[in-house]
Novice: 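Mind looking over this structure? Questions follow.
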Amino acid sequence: MAVINDPITSVKTLLSGNWVSGNTDSATPTFGESWLLGKKNLKRGDIVYIYEVSGTHDSSSLGTTVDKGTWRISIDISTAVSRDRLRKLYGEVLRIIRANEVSPFSHYSSINPVSRVDQTDKNKRWYRYVLDCELISYEAV
């Protein structure tokens, strides 16, 4: 039986390993996983958190020996610098995801952006997007 990598760690590794700081004002954010969530000072730099929202398995779609896994992963992008910086961070995340739609990573066959929510708080000067992605894998059972 195949062992599937943790989806959160896989997405974090994908983003941090392919980040080009030249696309984001020479800034590389701190990448965090959901179990490391805690208060972070945005004045010390930008933050990208990755956490799992839900997951499903479907063994009937491809027969009895293959299990299709679908995970909903949120990529939480935050900065205190400016909305322009937030747009650049978001653009870099999308660039990495789109580059890997064609070349699968890890044990996953694809990662696809699904939706984005703007959770910016203008009063606190906290610029934030939460991007939901669908992560799909196939594994032998």
Side-chain angles (χ1 to χ4, degrees), residues 1-63 65-141:
M1 181 166 106
V3 175
I4 196 87
N5 290 348
D6 178 69
I8 297 169
T9 303
S10 296
V11 172
K12 177 186 171 194
T13 301
L14 172 71
L15 293 176
S16 64
N18 292 287
W19 196 267
V20 176
S21 62
N23 295 338
T24 55
D25 301 330
S26 299
T28 301
T30 299
F31 295 93
E33 298 165 338
S34 60
W35 45 84
L36 299 174
L37 287 176
K39 290 188 176 187
K40 300 288 184 188
N41 186 345
L42 282 175
K43 304 258 186 248
R44 293 188 181 144
D46 308 322
I47 299 171
V48 175
Y49 274 128
I50 298 101
Y51 46 93
E52 184 175 351
V53 176
S54 65
T56 62
H57 290 275
D58 182 12
S59 59
S60 63
S61 65
L62 298 169
T65 60
V66 176
D67 185 23
K68 178 185 177 190
T70 304
W71 287 267
R72 180 68 64 116
I73 302 294
S74 288
I75 302 171
D76 193 329
I77 308 161
S78 301
T79 184
V81 176
S82 67
R83 187 158 182 85
D84 182 57
R85 169 72 69 82
L86 177 64
R87 295 291 304 165
K88 289 177 181 177
L89 295 168
Y90 174 71
E92 183 63 6
V93 168
L94 282 182
R95 182 195 68 77
I96 294 167
I97 288 172
R98 289 183 178 136
N100 283 279
E101 286 176 348
V102 178
S103 59
F105 66 100
S106 183
H107 291 282
Y108 297 95
S109 64
S110 66
I111 180 170
N112 306 304
V114 176
S115 65
R116 184 195 81 206
V117 176
D118 186 344
Q119 294 188 346
T120 297
D121 186 337
K122 294 176 185 170
N123 292 329
K124 294 182 180 177
R125 292 190 42 89
W126 180 26
Y127 306 95
R128 181 178 177 208
Y129 282 158
V130 178
L131 174 66
D132 284 344
C133 296
E134 190 174 70
L135 194 60
I136 298 174
S137 72
Y138 297 97
E139 55 187 303
V141 291

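The analysis underlying the following values was restricted to heavy atoms, covering all of them including side chains, and did not include hydrogens, waters or symmetry mates.
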Novice: For the residue pair Val130 and Gln119, what are the closest heavy atoms and their distance?
Specialist: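 That would be CG2-OE1, 3.7 Å.
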Novice: Checking Ser10 side chain against Asp6 main chain: does a donor-acceptor pair fall under 3.5 Å?
Specialist: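 It does hold such a pair.
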Novice: Please tell me if the side chains of Ile47 and Pro29 come closer than 4.5 Å, counting only heavy atoms from C-beta onward.
Specialist: no
Novice: Working to the nearest 0.5 angstrom, can you tell me the gap between Tyr127 OH and Asp46 CG?
Specialist: 12.0 Å
Novice: CG/Leu94 to CG/Leu89 distance, rounded to the nearest 0.5 angstrom?
Specialist: 11.5 Å
Novice: Specify the closest pair of heavy atoms between Val48 and Ile75, including all atoms of both residues, with the distance to one decimal.
Specialist: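 Between these two residues, the closest heavy atoms are CG1-CG2, 3.7 Å.
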Novice: Side chains of Thr120 and Asp118: is there a donor and an acceptor less than 3.5 Å apart?
Specialist: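 Side-chain D/A pair, Thr120 to Asp118: present.
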Novice: Tell me the salt bridge (charged side-chain N to carboxylate O under 4.0 Å, His left out) pairs involving residues 71-81, sequence neighbours left out?
Specialist: Asp76-Arg128
Novice: Nearest 0.5 Å, please: how far is CG in Asn100 from CD1 in Ile96?
Specialist: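 If I round to the nearest 0.5 Å, the distance is 8.0 Å.
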Novice: Can a donor-acceptor pair be found between the side chains of Tyr129 and Arg87 at a distance below 3.5 Å?
Specialist: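 Per modelled atom types, Tyr129 and Arg87 side chains form a pair under 3.5 Å.
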Novice: Any side-chain heavy-atom pair from Ile73 and Ile111 closer than 4.5 angstrom?
Specialist: no
Novice: Is there a donor-acceptor contact under 3.5 Å from the side chain of Glu52 to the main chain of Ile8?
Specialist: no
Novice: State, with a plain yes or no, whether a side-chain heavy atom of Leu131 is found less than 4.5 Å away from one of Arg116.
Specialist: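 In short, these two side chains touch, coming nearer than 4.5 Å.
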Novice: Just verifying a value: how many Å separate Asp84 CG and Thr24 OG1, rounded to the nearest 0.5 Å?
Specialist: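 Here the interatomic distance stands at 11.0 Å.
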Novice: I'd like to check Trp19 versus Val93 (side-chain heavy atoms, cut-off strictly below 4.5 Å). Are they in contact?
Specialist: yes
Novice: If a pair satisfies salt bridge (charged side-chain N to carboxylate O under 4.0 Å, His left out) and one of its residues is in residues 18-29, list it, with sequence neighbours excluded.
Specialist: Asp25-Arg85, Asp25-Lys88
Novice: State, with a plain yes or no, whether a side-chain heavy atom of Val11 is found less than 4.5 Å away from one of Cys133.
Specialist: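 The answer is no, as the side chains (C-beta and beyond) never meet within the 4.5 Å cut-off.
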Novice: Does the side chain of Ser78 reach to within under 4.5 Å of the side chain of Tyr49, using non-hydrogen atoms?
Specialist: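 No, every pair of side-chain atoms sits at 4.5 Å or beyond.
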Novice: Distance check, rounded to the nearest 0.5 Å: Thr79 atom OG1 versus Trp126 atom CH2?
Specialist: 11.5 Å
Novice: Taking Ser109 for its side chain and Ile136 for its backbone only, find out whether a donor-acceptor pair lies under 3.5 Å.
Specialist: yes
